[in-house]
Number of protein chains: 2
Amino acid sequence: MFSQACKYAIRAVLYLAVHASEGKKAGVKEIAAALDVPKYFLAKILQQLSRNNLISSTKGPSGGFYLSGQNLEATLKEVVECIDGPDVFNSCILGLPVCSSENPCPLHVQAFAYREGLHYQLKHQAIGDLAKRIEREEQKI
Amino acid sequence: MFSQACKYAIRAVLYLAVHASEGKKAGVKEIAAALDVPKYFLAKILQQLSRNNLISSTKGPSGGFYLSGQNLEATLKEVVECIDGPDVFNSCILGLPVCSSENPCPLHVQAFAYREGLHYQLKHQAIGDLAKRIEREEQKI
DNA sequence: TTAATAAAAGATTTTTTTGTCTTTTATTAT
DNA sequence: ATAATAAAAGACAAAAAAATCTTTTATTAA
Ligand code: FES
Ligand code: FES
């Protein structure tokens, strides 16, 4: 479903939502260590998210990454599409050129139903709200 | 979700189920053309399926691939796991070391439903039965 | 029994993804 | 101002996945 880069991106964004803020920025080193993820690779991913205004950053001493209020209102769908491109949620699971309920492939019904379940959550739940649930339910990242 | 090779494998097996039989074998060339898939790559995939007794083949003139009665009773789950390995249906969507409902990641609930719906179909529907539905509903492969 | 056929096997190549290292730029605390 | 810090950017390397080509083996129809 998601590329490795995308998995790292989601986890990093959630890490920032839970552990960082404008007053308490997190550096690549910290994030990579906390998530047990390759540091330089993560740096590239964070750069891309930053360029697309999905996360915030400042350089220099006491600099690092964090989520602004606006960033917290975005969704993981945007994060996912920033890394894996715009077709993640509407491409056929068998790789056929189009995915449609009118002209479905043999796995479409199941694939579509549950893909949409995921899509719905990622599209409608703000990152900030998701972070609250993570803290409340002590979920792992 | 599935690798390219796995998508080709699923489609090729369904193609065989619908269009071939012991008396009317299909060659790599025919299958590759019908599915619009790279020929040599498909050949490799068919070899692997054949080695694992998920499809049948004979060499020489009028040889080719087909599904035996036994092959038609197998499921796509076996095909998928033959190509993509045994963890396709039980690994965390975020790549965390374990996927469990007891200690779930933030996307687990939706992701698990996604996977299980698909998993259930692939696990419980025989390839032969699936082929009948494909013909009945004129689905694309 | 021989020539033609088609899969099996082996070896390579290409492309994509993942991961690493170095240099540059911006920021800040001293 | 200056040195230290940390992200941004660029260039590179390694690994994995996808795709191709060649040689060998088995089969069968003539
Ligand atoms: S057509 Fe294949 S998943 Fe929708
Ligand atoms: S724990 Fe992540 S999908 Fe189950």
Side-chain angles (χ1 to χ4, degrees), chain A residues 1-13 16 20 22-33 35-68 71 80 82-85 87-88 94-95, chain B residues 1-12 16 20 22-33 35-68 71 80 82-85 87-88 95:
Chain A
M1 179 96 224
F2 301 137
S3 69
Q4 198 59 47
C6 188
K7 294 174 191 172
Y8 294 160
I10 294 172
R11 295 174 62 204
V13 166
L16 290 176
E22 180 146 19
K24 187 172 174 257
K25 290 156 197 160
V28 187
K29 206 174 154 190
E30 172 190 338
I31 308 172
L35 303 182
D36 190 23
V37 145
K39 183 171 58 173
Y40 294 120
F41 190 33
L42 180 63
K44 286 294 168 201
I45 297 165
L46 294 174
Q47 279 171 36
Q48 189 172 344
L49 293 173
S50 182
R51 257 183 267 118
N52 288 274
N53 301 308
L54 290 165
I55 68 179
S56 305
S57 69
T58 57
K59 295 183 179 182
S62 85
F65 297 93
Y66 66 99
L67 301 190
S68 68
N71 295 152
V80 167
C82 176
I83 303 294
D84 276 355
D87 293 332
V88 200
L94 295 184
Chain B
M1 177 96 223
F2 302 137
S3 69
Q4 200 57 50
C6 188
K7 292 173 190 172
Y8 294 160
I10 293 172
R11 294 174 63 204
L16 291 175
E22 180 145 19
K24 185 172 175 261
K25 290 156 197 161
V28 187
K29 207 174 153 190
E30 172 189 339
I31 307 172
L35 304 182
D36 192 25
V37 144
K39 182 169 62 171
Y40 293 121
F41 189 34
L42 180 62
K44 287 296 169 200
I45 296 165
L46 293 174
Q47 280 170 34
Q48 189 174 343
L49 293 172
S50 182
R51 258 184 266 117
N52 288 272
N53 302 309
L54 289 166
I55 67 179
S56 304
S57 71
T58 58
K59 294 184 180 181
S62 85
F65 297 93
Y66 65 99
L67 300 190
S68 68
N71 295 152
V80 167
C82 177
I83 303 294
D84 277 354
D87 293 332
V88 198

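Bear in mind the structure is a predicted one, so any value in this text is a computation, not a measurement. Quick note on labels: first sequence line is chain A, next is B, and so on, each numbered from 1.
- The distance from atom CD1 of A:Ile45 to atom C1' of C:dG19 is 10 Å, rounded to the nearest whole Å.
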**Report entry** Residues A:Leu35, A:Tyr8; criterion side chain to side chain contact (heavy atoms under 4.5 Å, CB included); working and verdict
**Finding:** CA-CA 8 Å; A:Leu35 303 182; A:Tyr8 294 160; over 6 Å; no

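- Residue A:Pro61 has its side chain nearest to C:dT28 when only C:dA4, C:dT18, C:dT28 are considered.
- Put simply, NZ on A:Lys29 is 15 Å from P on C:dT20, counting in whole angstrom units.
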Query raised in the report: When you look at A:Val88 and A:Met1, which way does the side chain to side chain contact (heavy atoms under 4.5 Å, CB included) test go after all the steps?
Result: CA-CA 8 Å; A:Val88 200; A:Met1 179 96 224; 4.0 Å; yes

Side-chain polar contacts of residues 53-60 of chain B - donor-acceptor pairs under 3.5 angstrom, sequence neighbours left out - could you list them?
| unit_1 | atom_1 | unit_2 | atom_2 | d |
| --- | --- | --- | --- | --- |
| B:Ser56 | OG | B:Asn71 | OD1 | 2.6 |
| B:Thr58 | OG1 | B:Lys25 | NZ | 3.4 |

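- The CZ atom of A:Phe2 sits 16 Å away from the P atom of C:dT17 (whole-angstrom rounding).
- Mapping A:Tyr8 and A:Thr58 onto DNA chain C by nearest heavy atom places A:Tyr8 closer to the 5' end of the strand.
- When DNA chain D is scanned 5' to 3' for any atom under 4.0 Å from a heavy atom of chain A, the first and last hits are D:dA4 to D:dA11.
- Distance check: B:Tyr40 OH to B:Ile45 CD1 gives 15.0 Å after rounding to the nearest 0.5 Å.
- Side-chain atoms of A:Gln48 never come within 3.5 Å of backbone atoms of A:Ile83 as a donor-acceptor pair (strictly under, hydrogens ignored).
- Among the protein residues, B:Lys44 comes within range of the nucleic acid bases, having at least one heavy atom under 4.0 Å from a base atom.
- To the nearest 0.5 Å, the span separating CZ on A:Arg51 from CG on A:Leu49 amounts to 9.0 Å.
- If you check every strand for non-hydrogen atoms under 4.0 Å, A:Gln47 touches a base.
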